Amino acid sequence: MNGNRKVFWLSCFVGIMMGISTHRAEAQFQPTPDAGSALSIPADHLIQPQRLNDLLQASKPGSTLVLQVGSRLLFQEAHIPGSEYVGPGGQPAGLELLRKRVASLAKDQPIVLYCGCCPWERCPNVARAYAALREMGFNKVKVLYIANNFGADWVARGYRVEKGQ
Amino acid sequence: MLEDIALRRANNPHQAKVGSSQCGASHGFGAAMACCLLIVLATAHAWAAPVGVNQIAPDFTRADLHKARVHLGDYRGKVVLLDFWATWCAPCLLEMPRFVEWQERYRKQGFQALGVSMDDDDSSALAVEKKMHLNYPVVMGDAKLGELYGGILGLPVVYLIDRDGVIRARFDGEVDPHLIEAELNRLLEAR
């Protein structure tokens, strides 16, 4: 009888451990967004267009550094007032420009990155730019969530824009 | 016609702005005006400002990637697909094989594709042109050209221009290619 109980509890223990092991293995193979995908940016590090617009209206000019990390031509057509173009985050040269631009800043400088070249999940620029700033130790980095593109999600909503360099 | 346009827009409410290219083509002036007025009334609430659609396509002259002169006005009499794209734009690259295929298939019916690269320099555009075996001209765009076309503030943007040089549709972002091809066929048939 005691022998049967031992076998029973041993079986239960082995079963549970195998279940945990399998669960862990499955968890490891869950698809995760590519590091270069905007989907990899944590949700709490995103800022919505309405929120950024309100923030920029309410805060002192320059208190938040807003950087466009996408296309120069699109920036020339229209960009967020006061924002700066620093090169495409999806390319090494663009990341280098970004690093140079922020090199002398305090690590708690609020920074907002944006692109808007393409639909969010297709953007090749924001995730790498975000990762580069985080690696440098910046701890107040937000990324503007642009679902479709800058025209549809910022300009068409009536938020202010500037043209030119 | 109205139902057809409404259906296509319902399928793709935020991405395509399609005009009427055949409205009143075989009717009198009054019928044409009434038809167009009906379309405007039927769609005004959803399509308040269809930038560029039903307007003459802004003319431009640029050198293509091989320094040959490209003048949009030279394509009058053809249906033109004007594709604003960039090498870093994944949806743009996905569309291109279809444009290559259409250029081949519809060439004799008077179709002409034309690419406008919104890249900063032409070297990357040249590489893509070669890799994708593009069989149509590609010119380099700039902010001025983008503004002429109602603002290219996200890619891709595809225009369809009829044989009279009038913009008949604008497609923003990733669009079902069948929608573009359906409109293209409509324009090719409207001789």
Side-chain angles (χ1 to χ4, degrees), chain A residues 34 36-39 49 68-80 83 85-95 97 114-129 144-165, chain B residues 12-17 46-52 58 60 62 83-95 115-125 127-128 139-159 170-176:
Chain A
D34 177 74
S37 164
L39 297 174
Q68 203 261 37
V69 293
S71 158
R72 181 188 295 279
L73 292 187
L74 270 57
F75 182 85
Q76 288 171 347
E77 278 192 67
H79 56 261
I80 296 172
S83 66
Y85 177 72
V86 288
Q91 296 173 13
L95 287 180
L97 288 171
Y114 77 102
C115 176
C117 69
C118 316
W120 181 251
E121 66 277 11
R122 298 282 197 182
C123 179
N125 297 309
V126 286
R128 296 197 188 282
L144 179 61
Y145 176 74
I146 296 181
N148 300 295
N149 60 59
F150 187 66
D153 299 312
W154 187 274
V155 181
R157 290 187 185 185
Y159 303 143
R160 289 180 54 231
V161 292
E162 287 177 345
K163 292 180 180 181
Q165 298 291 335
Chain B
N12 195 13
H14 300 298
Q15 293 174 316
K17 294 171 182 170
W47 301 88
V51 178
F60 61 86
R62 293 281 193 286
D83 174 33
F84 288 86
W85 66 282
T87 55
W88 38 258
C89 164
C92 301
L93 303 183
L94 284 175
E95 288 181 329
V116 180
S117 165
M118 297 299 277
D119 288 284
D120 287 345
D121 64 85
D122 62 2
S123 58
S124 51
V128 167
V139 303
M140 294 304 293
D142 53 29
K144 186 180 171 188
L145 190 57
E147 287 171 19
L148 265 181
Y149 275 83
I152 306 299
L153 298 170
L155 293 173
V157 175
V158 171
Y159 279 98
R170 170 174 168 145
F171 300 90
D172 281 83
E174 289 185 272
V175 178
D176 180 351

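Nothing here was measured: the structure is a model prediction, and the numbers come from that model. Chain naming here is simple, since letters A, B, ... match the order of the sequence lines and numbering starts at 1 in each.
- Counting heavy atoms from C-beta on, the side chains of A:Arg128 and A:Val69 never come closer than 4.5 Å.
- Within residues 116-125 of chain B, the residues having any heavy atom closer than 4.5 Å to a heavy atom of chain A are B:Met118, B:Asp119, B:Asp120, listed by residue number.
- Using cut-offs of 30° and 60° on the angle between ring planes, the pair B:Phe84 and B:Tyr159 is perpendicular.
- Between the side chain of A:Gln68 and the backbone N or O of A:Ser83, no donor-acceptor pair lies under 3.5 Å.
- Comparing B:Gly146, B:Pro156, B:Gly141, B:Ala90 by heavy-atom pairs within less than 4.5 Å of chain A, the highest count is held by B:Gly146.
- Cysteine sulfur proximity is not satisfied for A:Cys115 and A:Cys118, their SG distance being 2.5 angstrom or more.
- A donor-acceptor pair is defined here as one N or O able to donate and one able to accept, closer than 3.5 Å; such a pair exists between the side chain of A:Trp154 and the backbone of A:Arg160.
- In this structure, A:Tyr85 and A:Phe75 have tilted ring planes: the angle between them lies in the 30° to 60° band.
- Only the side chain of B:Leu94 comes within contact range of chain A, with at least one heavy atom under 4.5 Å from a heavy atom of that chain.
- Contact annotation: the side chain of A:Pro124 approaches that of A:Cys117 to within less than 4.5 Å [non-hydrogen atoms, C-beta and beyond].
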